[in-house]
Amino acid sequence: MTLTASVWLAGLIILGIFFGRNTLTPMFGTAIGTKMISVHVAGILGTVFFTLGALLNSSGTLSTVGKLSFIQTPQEAFLVCIGVTIILIFLNKQGIPLSIAQAVIGALVGVNLFYGYPLHPPMLYKVVSAWILAPFIAAFWAYMLFLLIRQYIRKHPIGLLYRDAYLRVFLLIVGCCVAFGTGANNAPVLIGPYQKTPLYSEFTLLCLTSLSIGIGFWTLQHRKIKIISTALFPLTPTEAFVSALATAMTLFLFSNGSLHHFIRSHGLPFFPLVPLPVSSLMIGSIVGISCLKGINGLKIPVLARIVLSWIATPCISCLICIAFLSIMNFKGI
Amino acid sequence: MDVIKFFLFRTTHELEVKIDEFLSNITQSGFLFAKCIGLYLESGVSEEFKSYKESVIQLESRNDTLRREIENQLYAQMILPDSRSDILKLIEGCDQIINKYETNLILLAVEKPKIPKELRKAMTELLHITLDCVESLLEAVRLFFDNTTCSDKISKVLFLEEQADATALELKKICFENLKLPLARQLQLKAFIYSIEKISDIAEDIADNLSIMAVKHSL
């Protein structure tokens, strides 16, 4: 890999850093927001488990993203990453939990539209329908889990102090599971713009992504944590645990290749291995819990704002990507 | 399994032990307080009275130390972050009760109010109602920490507090209407009655907060 080729990787690193800033929230945000663990502990664990997920369990999602990505040059990949980062910065400043997966997929579609590459409609359909379905699945998991846990605790009361101690351990474990699932599900989408470029191996790209995400975790925005855990629906530590567990379970369904093939081989309806916006799963699980606790506590205007951002993000990303490529073509780069 | 639980949750266990000792000290000091008042009504400030008074003072001092240790542990080790302020309010409220026991005994020892025989029976009744009120409160607090329903005990606290108020009012009526005492003595007796009545008021305030906390922490 030459020095010039390495420079174009800066787009991936910058995007990875901002992804890290945005992604620790769904993993450990509710635990940090309820002050169960510190940001530094969350950063270390998040980085380690994200890396493991990316290296061990991302083949299915890599294949899906590979079908959508036709970027051949590192320069185009760099521009796509910078475009997505600009959207990320803008929406971050608005305090909206951004979905990197949606932004990158939107950008890849923008590239395909600009160059007239095939859009692969069946794959796009799978991705978009998964984005719509996944929050509802997370809400269902959260609803059922909270119901079961509540019934269990009512029948077998655990002392307040010990309940807190158990929760601290469980929140850590489930946060690590979410980090693993995020690595398996979202790392491929980050390297998506560079996947088909001839200069870099997938392993190198995944490792660089993990490293840059680790750096991003250490520059976490506390405001984002507040939005998910308290502004939408005030969560207790038990509810924070349930929402994180529901998110981890949903990510597992949409990332694990072995489970996917097992279900498919038995002729059952299967979940496609597509990248999901992790924050949407967390929001879905919080809504699921609020259905059980009293939906009046849910702040609908905040939820509406978040949902609108999920619709707008891929569209804006696509348009910005097309604009960047137009400028690049115009300048003769 | 118990060994694993001990090592993994050693800090939680230590905190549990401290809170248990804290509540037990309040119970013990309540019994000593009742004993002291009984002794004072019989024979004034005797040596036995002074001995029990010193025990209550020592228990109060120990509880202050425990309260500070519990506060430090809750904040320093980030235990119960979501309900830390609730737990601290509870502990500080319960600490006021043992402080009141100590203050009342010191008041007795210093001012040595002459309590007429006509008041002694009602005074003893007020004392027992107040102690029952505090005991019910402490049981409610223990049930709260065990994550068990404590609404029955809270209802008992509120009922006993009303009884204490009614008994204290009767005592004041006897003091001001039936007994021909100088005003200064009447006011001294009234202050003493009020200081015992205040204990049940504190217990009622804590019980009110506890009922809200129980709802907050229920799933």
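To find a chain, count down the sequence lines: A is the first, B the second, and so on, and within it residues start at 1. Keep in mind it's a predicted model, so treat the numbers as computed, not measured.
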For residues 121-133 of chain B, please give each side-chain donor-acceptor pair under 3.5 Å, one per line with the distance, not counting sequence neighbours.
from, atom 1, to, atom 2, distance (Å)
B/T124, OG1, B/R120, O, 2.7
B/H128, ND1, B/T124, O, 3.3
B/T130, OG1, B/L126, O, 2.7

For this session: Over all heavy atoms of both residues, which pair between B/T12 and A/Y162 is shortest? Give the atoms and the distance, please.
Result: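 Heavy-atom minimum between the residues: CG2-N, 3.8 Å.
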
Where do B/H217 and A/R163 come nearest, in terms of heavy atoms and distance?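 Result for this residue pair: O-NH2, 3.0 Å.
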
Hey, is [atom1] on [X] packed in by over 12 heavy atoms from elsewhere, all under 6.0 Å?
X: A/K293; atom1: NZ; result: yes
X: B/K35; atom1: NZ; result: no
X: B/K156; atom1: NZ; result: no
X: B/Y40; atom1: OH; result: yes

Just how far is it from atom CG of B/L143 to atom CG of A/L160, taken to the nearest 0.5 Å?
->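 If I round to the nearest 0.5 Å, the distance is 12.5 Å.
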
Stepwise side-chain contact (heavy atoms from CB on, under 4.5 Å) test for A/L161 and B/I87:
CA-CA 10 Å; A/L161 296 173; B/I87 302 297; 5.9 Å; no

What side-chain donor-acceptor pairs closer than 3.5 Å can you find for residues 93-100 of chain B, not counting sequence neighbours?
from, atom 1, to, atom 2, distance (Å)
B/D95, OD2, B/R67, NE, 2.9
B/N99, ND2, B/D95, O, 3.4

| field | Sorted by number, residues from residues 142-155 of chain A in contact with chain B (heavy atoms, under 4.5 Å) | value |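 Contacts with chain B: A/F146, A/R150, A/I153, A/R154.
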
Kindly indicate whether the side chain of A/I158, heavy atoms from C-beta on, has any atom under 4.5 Å from the side chain of B/D146.
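Sidechains of B/D146 and A/I158: no contact.
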
For A/V41, enumerate each residue passing the side chain to side chain contact (heavy atoms under 4.5 Å, CB included) test, keeping only those at least two apart in sequence or located in another chain.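 Residues passing side chain to side chain contact (heavy atoms under 4.5 Å, CB included) with A/V41: A/S38, A/L45, A/L172.
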
